[in-house]
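Along the sequence shown, residues carry numbers from 1.
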Amino acid sequence: MKRFALYVVSVLLPAVCLADGVVVPSKVQVEWADCEVGALFHIDMCTFKPDFVWNKSPEVPPADTFNPEELDTDQWILAAKNIGAKYAVLVAKHCSGFSLWPTKAHEYSVKNSKWRNGKGDIVRDFIASCKKYGVKPGIYASANANAYMRVYNGKYNGGSPTKEYGDMVNTQLRELWSNYGPLFEIWFDGGSLPEEIGGNKTLQLLEELQPDAIAFQGPSKFANLIRWVGNEKGTAPYPSWGTAQKTTSSDGTEVIRDLYGDPFAKRWCPGESDFPLRWNNSFQGGWFWKDGEDHKMFSVDELMQKYETSVGRNTNMLVGIVVDSRGLVPEADVKRLKEWGAQIQKFYGSPLKAETEFSGEVATAKFESPKVVDRAVIQEDIAFGERILEYKLEGFSDGKWIELAKGSCIGHKRIEKFAPAKISAMRLTATKSKAQPKLKALLAFEK
């Protein structure tokens, strides 16, 4: 993305509504989990001037440096849909401070660029493309860094940011959250501003303007929170519970461990696994485009593993997609997204036909004939919370049940991979639960 060095803060999360003694998500948190896959788009000054480093260069590039003459947000969204993305987040302002909409807060924005003679608005175009193609829109706007305003790592020229800076941020957030309609997800990279410089208004603005949005690392008292998984590699920890006692305001520059959540916590705050399509050691961590780096992408097999260790570990998968200096997702990236999407469908798009019965702690799927199976998808109905604490998965082979896998957290989705076995039925048993299990799916996939 990304990302800038900042403090890491853990905060105690307050309790929310319980049902039968089990914490349950809000309606929008269930909707968010059902989406499973999202995309995160980056374009900023470093796209046009790659030697610019927001926290090291003495000056920001002039606004007229920004000129993506072929910009097409329809093309972006269609690229993301190749991997089944149901929501998309635009980095509306990264750390340079350059704003992709004609903000009234300062002069460093598209209104003073060459692009469309200063009359364009990328946020508006992005939202329109999301609506056109049925993708839920989101916005990222970093509050804790702005090279144009000389705010670095939460500090103004080495000292504390001013209240005026906090007011400027809140002006921009009000613009983004009130001028473009309802947002599905709002991204706080590095958390929101400290209260002493106006950050206390963030919660107020959220609740006033976007009460139904999902907030990544947002204010701790906001209802619809999600949390970071501790790395930018598409690998959620296991287990990764949907409930948590604490979250983090990390900016992603440090790997944080022990972000497993807590099955007995009193707050629903599931994880989101963000990672770039391009290698983490490529330009700007893989989040931004640079000429000559189109070959620096993860292979389809590597991306499949990331899918299985993000979506398959009870988190959503948010994929960083670069936009080049033309204003387009490069052809190489579009091609890789298509290849990856086809592989996801190949492996997880066609479960075996089965007669499935759910009865208390046991779910059984019976196949029409014996099949060689090496993968399973298990889902709880998270509208009732996460209830299963431990489980075992078995297959019926040669007249007896054999163990295929066992684990703990299921949540919205758990992908289990195991040694191929020829079986005529598959059985899931909840061996430890905190309430009556509410299973949604038990699916098997042929090798």
Item to check | Check: Asp189 main-chain N/O paired with Ser142 side-chain donor or acceptor under 3.5 Å | outcome: no
Checklist entry - For residues Asp121 and Tyr180, is any side-chain donor paired with an opposing acceptor at under 3.5 Å? => result yes
Checklist entry - Where the side chain of Arg375 meets the backbone of Glu446, is there a donor-acceptor pair that is under 3.5 Å apart? => result yes
Item to check | Any donor-acceptor N/O pair, Glu380 side chain to Glu386 backbone, under 3.5 Å | outcome: no
Checklist outcome for this item: Residues Glu207 and Pro211: closest non-hydrogen pair is O-CB, 3.5 Å
Item to check | Exam field: side chain Ser325 to backbone Thr47, donor-acceptor pair closer than 3.5 Å | outcome: no
Checklist entry - Under 3.5 Å, is there a donor-acceptor pair between the Tyr348 and Glu308 side chains? => result yes
Next on the checklist: Side chains of Trp187 and Glu272: any donor to acceptor distance under 3.5 Å?
Outcome noted: yes
Checklist outcome for this item: For Ala444 and Phe367 the tightest heavy-atom approach is CB-CZ, 3.6 Å
Checklist outcome for this item: In short, salt bridge (charged side-chain N to carboxylate O under 4.0 Å, His left out) pairs touching residues 318-343 with sequence neighbours left out are Arg278-Asp333, Asp324-Arg326, Arg326-Glu331, Lys335-Glu339, Arg336-Glu339
Checklist entry - Is Glu390 salt-bridged to Lys406, cutoff N-O under 4.0 Å? => result no
Next on the checklist: Under a 3.5 Å distance rule, please check whether Trp340 uses its side chain to pair with a backbone N or O of Gln343 as donor and acceptor.
Outcome noted: no
Checklist outcome for this item: From the list Phe98, Phe52, Tyr108, ring pair (Phe, Tyr, Trp, His ring centres under 6.0 Å) with Phe66 holds only for Phe98
Checklist outcome for this item: Heavy-atom closest pair (Arg227 atom, Thr243 atom, distance to 0.1 Å) is NH1-O, 4.2 Å
Next on the checklist: Under a 3.5 Å distance rule, please check whether Thr73 uses its side chain to pair with a backbone N or O of Trp76 as donor and acceptor.
Outcome noted: no
Checklist entry - Do Gln172 and Thr103 have side-chain N/O donor and acceptor atoms under 3.5 Å apart? => result yes
Checklist entry - With distance as the sole test, does Gln75 use its side chain to make a donor-acceptor pair with the main-chain N or O of Val329 at under 3.5 Å? => result yes
Checklist entry - Does the Thr65 side chain pair with the main chain of Pro61, one donor and one acceptor, at a distance under 3.5 Å? => result no
Checklist entry - Does the side chain of Asn314 pick up a donor-acceptor pair with the side chain of Trp241 at under 3.5 Å? => result no
Checklist entry - Does Glu302 offer a backbone N or O that forms a donor-acceptor pair with the side chain of Ser299 under 3.5 Å? => result yes
Item to check | Gly286 to Val322 - nearest heavy-atom pair and separation | outcome: O-CG1, 3.7 Å
Next on the checklist: Just by distance, no angles: are the side chains of Tyr391 and Glu416 close enough, under 3.5 Å, to form a donor-acceptor pair?
Outcome noted: yes
Checklist entry - Is the shortest heavy-atom distance from the side chain of Leu443 to the side chain of Met426 under 4.5 Å? => result no
Next on the checklist: Treating His412 as the side-chain partner and Ala33 as the backbone partner, does any N or O pair qualify as donor plus acceptor under 3.5 Å?
Outcome noted: yes
